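Everything below concerns the one structure shown next.
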Amino acid sequence: MRVLASAPAKIILFGEHSVVYGKPAIAAAIDLRTYVWAEFNENGAIKIEAKDIRVPGLTVSFSEDEIYFESDYGKAAEVLSYVRQAIELVRKEADANGKGITVSITSQIPVGAGLGSSAAVAVATIGAVSRLLGLELSNEEIGKLGHKVELLVQGASSGIDPTVSAIGGFIHYEKGNFEHLPFMELPIVVGYTGSSGSTKELVAMVRGTYEEMPEVIEPVLVAMGKIVEKARDVITSDLDEELRFAQLGRLMNINHGLLDALGVSTKKLSELVYAARVAGAIGAKITGAGGGGCMYALAPENQSEVATAITIAGGTPMITRISREGLRIE
Ligand code: MEV
């Protein structure tokens, strides 16, 4: 028996980092997916094979035995810790410790780009392995297990990435609870800097500043939470589309400024954000943890001009669509 599961990447539209402190955030699944096959093996071991994992500058294929000897593969190797924890967690849930399981992964999502590659691989692995072991878990339950995996690997996580990857669509998320927002087509362009940031390190860096000067950082986080609530009001309002996009764009720009204030932007991210705005995007901001990775721009009138401006500024543009579907057993 062989089970194939897939789970999508995500973008955080508003509220990354502040969501780790219990503030709300808004995220959407997008149409890049990670695929995981799971099957039993005879030797009782966990075996992981990854094909076509995209890390900045290269695409790698590896199996667990060879990974540790190839330093270029360091980023890709991080993927393994999420997969291993996910398999161990599901084996424990299914009372199947010691059962040999081989998983094989292929992914369209660049690693470390802030698009939720780790959450997608954790969710798809939990989906495939739980089905292989005969567990009946809902996508919401799988999202919660994905959050556990992130906590084990990263130490801190809000859980928004595995939740949106498992359930799909467009969500408002706060302290482990989510609500679907009305689905809307967002005319966005994602810009990839080509370098990756470590979510674990960036979350720890913000935590360090917060602990050093809470009286300065807390109001920034509160303002980020207010941006999210305002964005939710705008998204669910009956304003006409032009006005709605104009307000969301302004909120994106304010949110970007606050993320920059927290220290998670980079020269390259800011260059892509400003290049997109100069080319006519009505809003542009970092998406995800920052420190490299991706930004996104809202460009209802001129997606292709904004994509060109991102290319000229040295980034890789991706015109993506929101995915209604989360985890899928294929
Ligand atoms: C990462 O996609 C989003 C962060 O807010 C971390 C988290 O929510 O776990 C930076």
Side-chain angles (χ1 to χ4, degrees), residues 7-30 32 34 75 78-79 81-82 85 107 109-123 143-168 170-178 190-193 195-210 217 220-225 227-228 231 252 255-256 258-266 269 285-296 320 326:
K10 65 93 208 349
I11 57 168
I12 296 197
L13 296 158
F14 297 98
E16 51 276 269
H17 286 289
S18 44
V19 69
V20 176
Y21 297 77
K23 310 287 187 274
I26 294 174
I30 57 172
L32 295 171
T34 292
K75 264 280 162 219
E78 260 185 48
V79 171
S81 29
Y82 290 87
Q85 289 290 358
S107 184
I109 311 170
V111 170
L115 298 179
S117 59
S118 313
V121 82
V123 163
K144 286 198 192 316
L145 288 177
H147 186 197
K148 275 195 190 167
V149 169
E150 282 198 340
L151 289 172
L152 288 164
V153 179
Q154 290 168 207
S157 136
S158 67
I160 190 169
D161 291 8
T163 302
V164 73
S165 182
I167 64 170
F170 198 18
I171 66 164
H172 176 274
Y173 180 90
E174 189 169 4
K175 296 185 187 138
N177 299 311
F178 73 88
V190 174
Y192 179 31
T193 57
S195 70
S196 63
S198 156
T199 301
K200 180 178 176 171
E201 283 167 23
L202 287 148
V203 167
M205 189 269 285
V206 173
R207 170 71 61 191
T209 318
Y210 179 83
I217 301 302
V220 176
L221 301 174
V222 169
M224 287 173 154
I227 290 169
V228 173
M252 287 168 66
N255 199 165
H256 179 77
L258 295 175
L259 286 164
D260 200 3
L262 288 184
V264 301
S265 193
T266 61
L269 273 169
K285 69 178 272 291
I286 291 169
T287 182
C294 288
M295 47 71 70
Y296 83 97
T320 62

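Because the structure is predicted, anything quoted here is derived from the model rather than measured. Order of appearance sets the numbers: ligands from 1, and atoms from 1 within every ligand.
Against a heavy-atom cut-off of under 4.0 Å, V19 is close to the following atoms of ligand 1: 5 (O), 8 (O). With ligand atoms numbered from 1 in the order given, ligand 1 contributes 2 (O) to contacts under 4.0 Å with heavy atoms of K10. Near S157, the atoms of ligand 1 lying under 4.0 angstrom from a non-hydrogen atom of the residue are 9 (O). Annotation for ligand 1: atoms under 4.0 Å from non-hydrogen atoms of E16 are 5 (O). Contact atoms of ligand 1 toward I160: 8 (O) (distance under 4.0 Å to a heavy atom of the residue).
Closest protein heavy atom to atom 8 (O) of ligand 1: S158 OG, 2.5 Å. Atom 3 (C) of ligand 1 has I12 CD1, 3.7 Å as its closest protein atom, hydrogens excluded (heavy atom only). The protein heavy-atom contact nearest to atom 5 (O) of ligand 1 is H17 N, 2.9 Å. Regarding atom 1 (C) of ligand 1, its nearest protein heavy-atom neighbour is D161 OD2, 3.6 Å.
Partners of K200 according to the salt bridge (Lys or Arg N to Asp or Glu O under 4.0 Å) rule, which considers only residues two or more places apart in sequence or in another chain, do not exist here.
Of the polar atoms of Q154, none of the N or O atoms is found under 3.5 Å from an N or O of ligand 1, judged by distance alone. For T199, no nitrogen or oxygen atom sits less than 3.5 Å from a nitrogen or oxygen atom of ligand 1, counting backbone and side chain alike.
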Please test V203 against H17 for side-chain contact (heavy atoms from CB on, under 4.5 Å), starting from the C-alpha separation and ending with a verdict.
CA-CA 7 Å; V203 167; H17 286 289; 4.2 Å; yes
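Summarising the geometry of I12 relative to G288, their closest heavy-atom pair is CB-N, 4.3 Å, with the distance given to 0.1 Å.
For the atom pair NZ of K175 and OH of Y21, the computed distance is 14.5 Å after rounding to the nearest 0.5 Å. Between C294 atom SG and L115 atom CG the span is 4.0 Å, to the nearest 0.5 Å.
A salt bridge links K285 with E16: the closest approach of a Lys/Arg side-chain nitrogen to an acidic carboxylate oxygen falls below 4.0 angstrom.
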Show every donor-acceptor pair shorter than 3.5 Å between a side-chain atom in residues 149-156 and any protein atom, with sequence neighbours excluded, or say none if there are none.
| from | atom 1 | to | atom 2 | distance (Å) |
| --- | --- | --- | --- | --- |
| E150 | OE1 | S157 | OG | 2.7 |
| Q154 | OE1 | Y82 | OH | 2.9 |
| Q154 | NE2 | A156 | O | 3.1 |

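Under the 4.5 Å side-chain criterion, counting only non-hydrogen atoms from C-beta, V228 is in contact with H172.
Distances from atom 6 (C) of ligand 1 to the heavy atoms of T163, I11, V20, L151 show the closest one on V20.
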